[in-house]
There are 2 protein chains.
Amino acid sequence: MVSIKDIASAAGVSISTVSYALNGSDRITKETADRIRSIADELGYVPNRAARMLKKRETMLVGVFLTDFSGHFYGDLLYGLKEELNRRDYDLIVCSGRRSHRMIPERAFDGAIILDATFADEELIGYADRGHKLVVLDRELDHPNVNQVLLDNKAGATLAVEHLLSQGLCRICAVGGPESAFDARQRMRAVRQAAERVPEARLEELPGAFDKASGYAAGARIAEVAREGPVGVFCLNDEMAIGLCDYLRTQTPLRIGRDVHVVGYDNIELAQYMQPRLTTIDYSKRKWGALAAEQLLKMIEGRPVEQERIYVRLIEGESVGQLKEDAK
Amino acid sequence: MVSIKDIASAAGVSISTVSYALNGSDRITKETADRIRSIADELGYVPNRAARMLKKRETMLVGVFLTDFSGHFYGDLLYGLKEELNRRDYDLIVCSGRRSHRMIPERAFDGAIILDATFADEELIGYADRGHKLVVLDRELDHPNVNQVLLDNKAGATLAVEHLLSQGLCRICAVGGPESAFDARQRMRAVRQAAERVPEARLEELPGAFDKASGYAAGARIAEVAREGPVGVFCLNDEMAIGLCDYLRTQTPLRIGRDVHVVGYDNIELAQYMQPRLTTIDYSKRKWGALAAEQLLKMIEGRPVEQERIYVRLIEGESVGQLKEDAK
DNA sequence: ACAAGCTTTCGAAACGTTTCAATTTAATCT
DNA sequence: AGATTAAATTGAAACGTTTCGAAAGCTTGT
């Protein structure tokens with residue numbers, strides 16, 4: 001493999017000269033620099049990443065850790081991340097799985113973005129203590145080397161529940177997420193508060209795990225509740241909403257948007273292709289990624305970081321209908 | 001940052017002893033090895049990846065390159081890849097975008113898996129010529145350092161068209177993929193052959209680009225064709241099929257599975273949540289990934305590699321109905 | 001013609017490992 | 001006890017860069 005050394009001897013200069021030339025230092029005269037660069041091209045020189053990393057103690061790489069590769073909004077999130085990082089000459093690397101955690105202490109990246117339940121809080125704190133820069137997207141952590149971009153879960157969940165209530169629905173079911181999920185806890189808390197503000201509202205919480213299966217499973221209880229009249233269901237994410245709709249359609253005669261009114265959260269791509277289209281809470285995943293990248297770069301470069309938050313809006317599909325029509 | 005050197009002085013031994021001990025060499029007596037390891041733990045030692053890469057000229061990393069992060073079957077594919085790689089102590093790293101191509105010549109990985117249209121064939125051949133090991137998933141390349149895991153596109157497309165024909169449909173539309181896509185070319189070729197084998201079949205090819213928009217766009221022409229009677233449509237991937245269904249449902253009175261019969265390809269997750277469920281061609285994405293990983297590891301380790309192929313099957317949804325019923 | 005001050009180039013150390021060859025230590029045999 | 005051999009440890013070079021400080025090569029001004 002051709003190294004800086006080969007270029008040096010081909011050009012009849014020292015390796016330091018080559019290094020300076022290739023890195024565009026102004027210590028080198030323009031002509032020699034050009035000559036060296038063209039020789040490097042001819043020889044097909046490519047710098048050795050490992051050597052550079054070792055010496056410079058920086059990688060120009062950012063790692064993003066995901067629980068798995070199948071999340072429905074990862075595409076957009078990663079797009080936002082990558083664009084922002086590339087603008088600043090960083091490359092993005094996606095990792096998943098416990099095994100890959102070690103890349104952080106091994107200094108494989110200049111910083112990492114975490115959206116990965118397989119990291120315990122203490123583990124992350126440990127890395128931060130040793131000086132690693134982190135941005136967490138799935139929890140809140142108070143540490144000088146950690147920042148977060150928060151989703152406005154409270155606003156989103158409130159929007160969802162109030163939307164159901166405003167349609168005249170007072171029997172509300174909320175299908176929850178795993179206890180370990182920060183987002184789920186925040187959303188459910190907001191659900192309770194929103195329900196409590198309306199005296200006639202009757203809220204029932206159902207367990208869930210953020211996957212289709214648990215939405216499907218919640219269907220049985222929801223069908224029971226629906227026997228007493230129309231019910232509004234807020235699934236704490238779209239996947240569960242889809243599972244629920246699947247159940248209602250295949251296992252019951254209940255009509256979505258009439259007997260059962262469903263709201264999801266996340267506005268995943270599937271949501272708008274459902275029949276009826278799913279009413280859901282939307283937020284910009286690209287912006288989420290871009291802000292995370294921006295924060296991480298600021299930390300790496302030692303610039304001050306300000307707290308960021310992603311705003312939400314309600315998207316109306318047909319999975320929630322006007323209750324008043326029925327009343328007439 | 002604590003290095004092997006710190007451990008050496010803390011333990012009162014040389015750095016080579018530490019290195020041997022940490023790597024489990026049998027040159028070191030068990031007691032000292034244990035002692036050194038416990039000191040390393042105490043100090044919180046983590047090996048420096050860059051240094052090891054530089055010296056050993058191997059990274060224990062495999063890079064997978066994707067055109068973007070939003071493909072619908074990447075989740076399963078990457079799962080298969082990762083499992084297989086982890087079993088052999090390799091880590092998987094996902095990259096996307098032209099910028100990241102350079103990681104290959106920079107020797108950031110021991111090998112790479114390519115499913116990324118942003119690589120030109122010549123570029124890949126160039127890397128292979130310089131000794132980089134590659135497995136390509138989106139093309140065929142003849143080179144000692146390149147292998148591929150082929151999808152059985154011919155069988156899949158044949159299955160799809162014959163399924164439509166066997167329902168009594170003889171007006172067939174095929175919505176194609178981008179000319180640059182190897183899979184699209186193979187599938188379309190098989191479509192033509194399958195249609196030619198049946199004298200009464202009338203095939204019409206429509207342009208497409210493997211995205212929802214082009215399925216939607218194809219809808220107009222398909223609606224025209226459907227005026228003369230039921231039509232069978234094979235969309236060369238599920239995304240286009242979904243776009244098409246969206247058009248038919250929102251812009252026409254045509255009934256899917258009655259007036260227009262739709263088959264997709266890939267069996268993406270969305271397909272089974274469509275209403276009606278999409279009839280499509282399925283294959284194991286996990287196995288695809290696992291075989292790709294296996295092939296790459298064989299190349300890296302210098303073991304012989306055999307050509308592999310992924311088999312397909314037809315999944316029946318309700319987007320294709322029995323034409324005979326109508327006739328009755 | 002020569003010191004002073006630039007500009008351009010070079011030598012060498014360093015980053016943190018691994019690993020070969022050499023050395024020291026311990027064990028075994030006569 | 002001394003020689004031989006085996007086992008455990010060490011020294012040093014190497015991997016391919018970057019970068020500091022020094023050296024060499026030019027200009028200028030006197």
Side-chain angles (χ1 to χ4, degrees), chain A residues 1-37 39-40 43-61 89 102-110 130-131, chain B residues 1-37 39-40 43-61 89 102-110 130-131:
Chain A
M1 195 81 310
V2 30
S3 80
I4 220 178
K5 222 168 179 171
D6 303 308
I7 304 176
S9 55
V13 297
S14 74
I15 61 159
S16 35
T17 304
V18 176
S19 175
Y20 284 128
L22 260 27
N23 289 302
S25 160
D26 50 4
R27 299 174 68 157
I28 297 316
T29 189
K30 178 122 179 35
E31 294 85 60
T32 35
D34 286 347
R35 194 167 59 86
I36 288 173
R37 272 194 283 266
I39 293 180
L43 297 182
Y45 169 76
V46 179
N48 181 305
R49 194 168 206 118
R52 191 203 291 261
M53 279 185 185
L54 176 58
K55 182 64 198 180
K56 296 201 70 173
R57 298 148 152 286
E58 70 174 26
T59 63
M60 297 305 279
L61 248 35
D89 274 323
R102 62 191 164 119
M103 293 191 147
I104 296 177
E106 283 174 347
R107 314 205 91 90
F109 319 114
D110 293 345
R130 294 158 174 229
Chain B
M1 198 77 314
V2 28
S3 80
I4 220 179
K5 223 169 180 170
D6 303 309
I7 303 176
S9 55
V13 297
S14 74
I15 61 159
S16 33
T17 305
V18 176
S19 175
Y20 285 128
L22 261 28
N23 289 303
S25 161
D26 51 4
R27 302 173 64 157
I28 297 316
T29 189
K30 180 124 179 30
E31 295 86 60
T32 35
D34 286 346
R35 194 167 57 87
I36 288 172
R37 271 194 283 265
I39 293 180
L43 297 181
Y45 169 76
V46 179
N48 180 305
R49 194 168 207 118
R52 191 204 291 262
M53 279 184 186
L54 177 57
K55 182 63 200 183
K56 296 201 70 173
R57 296 149 151 285
E58 70 175 23
T59 63
M60 297 306 279
L61 250 35
D89 274 325
R102 63 192 163 118
M103 293 190 148
I104 296 178
E106 282 174 348
R107 313 206 91 91
F109 320 112
D110 294 345
R130 291 159 175 231

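Within every chain, numbering begins at 1; the chains are lettered A, B, ... in the order of the sequence lines, protein sequences first and strands thereafter.
Note: CZ (Arg49(B)) to P (dT18(C)) measures 13 Å, nearest angstrom. When rounded to the nearest whole Å, the span between CG of Asn23(B) and P of dT17(C) equals 10 Å. Atoms OH (Tyr20(B)) and P (dA7(D)) sit 16 Å apart, rounded to a whole Å. Taking atom CE on Met53(B) and atom C1' on dT19(C), their separation rounds to 20 Å, with Å as the unit. Distance CD1 (Ile28(A)) to P (dC10(C)): 8 Å, rounded to an integer number of Å.
Scanning both residues, Arg107(B) and Thr59(B), for their nearest heavy atoms gives O-CG2, 3.6 Å. Residues Ala50(A) and Met53(B) approach most closely at CB-CB, 3.6 Å, considering heavy atoms. Shortest non-hydrogen contact noted between Gly44(A) and Val2(A) is O-CG1, 3.8 Å. The heavy-atom pair separating Arg52(A) from Asn23(A) by the smallest distance is NH1-OD1, 3.9 Å. Between Ala21(A) and Ala33(A), the shortest heavy-atom contact is CB-CA, 4.0 Å.
In this structure, Arg57(B) has no side chain to side chain donor-acceptor pair (under 3.5 Å) partners at least two apart in sequence or on a different chain.
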Dump every N/O contact between nucleotides 22-26 of chain C and the protein below 3.5 Å, one line per pair.
none

Show each protein N/O and nucleotides 12-16 of chain C N/O combination with a separation under 3.5 Å, one pair to a line.
unit_1, atom_1, unit_2, atom_2, d
dA14(C), N3, Lys55(A), NZ, 2.9
dC15(C), O3', Arg57(A), NH2, 3.2
dG16(C), OP1, Arg57(A), NH2, 2.7

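Within 4.0 Å of Thr29(A), counting heavy atoms only, lie sugar-phosphate atoms of the nucleic acid but no base atom.
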TODO: Kindly indicate, with the supporting measurements, whether the criterion side-chain contact (heavy atoms from CB on, under 4.5 Å) is fulfilled by Asn48(B) and Ser3(B).
DONE: CA-CA 8 Å; Asn48(B) 180 305; Ser3(B) 80; over 6 Å; no

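Partner of Ile7(B) under the side-chain contact (heavy atoms from CB on, under 4.5 Å) criterion, chosen from Val13(B), Ile15(B), Leu22(B): Leu22(B).
Looking at Thr29(A) and Thr32(A), their side chains never bring a donor and an acceptor atom within 3.5 Å of each other.
When each of Ser19(A) and Lys30(B) is assigned the nucleotide of DNA chain D bearing its nearest heavy atom, the one mapping closer to the 5' terminus is Lys30(B).
In this model, the phosphate group of dT9(C) is not approached by any side-chain N or O of Thr17(A) to a distance below 4.0 Å at OP1 or OP2.
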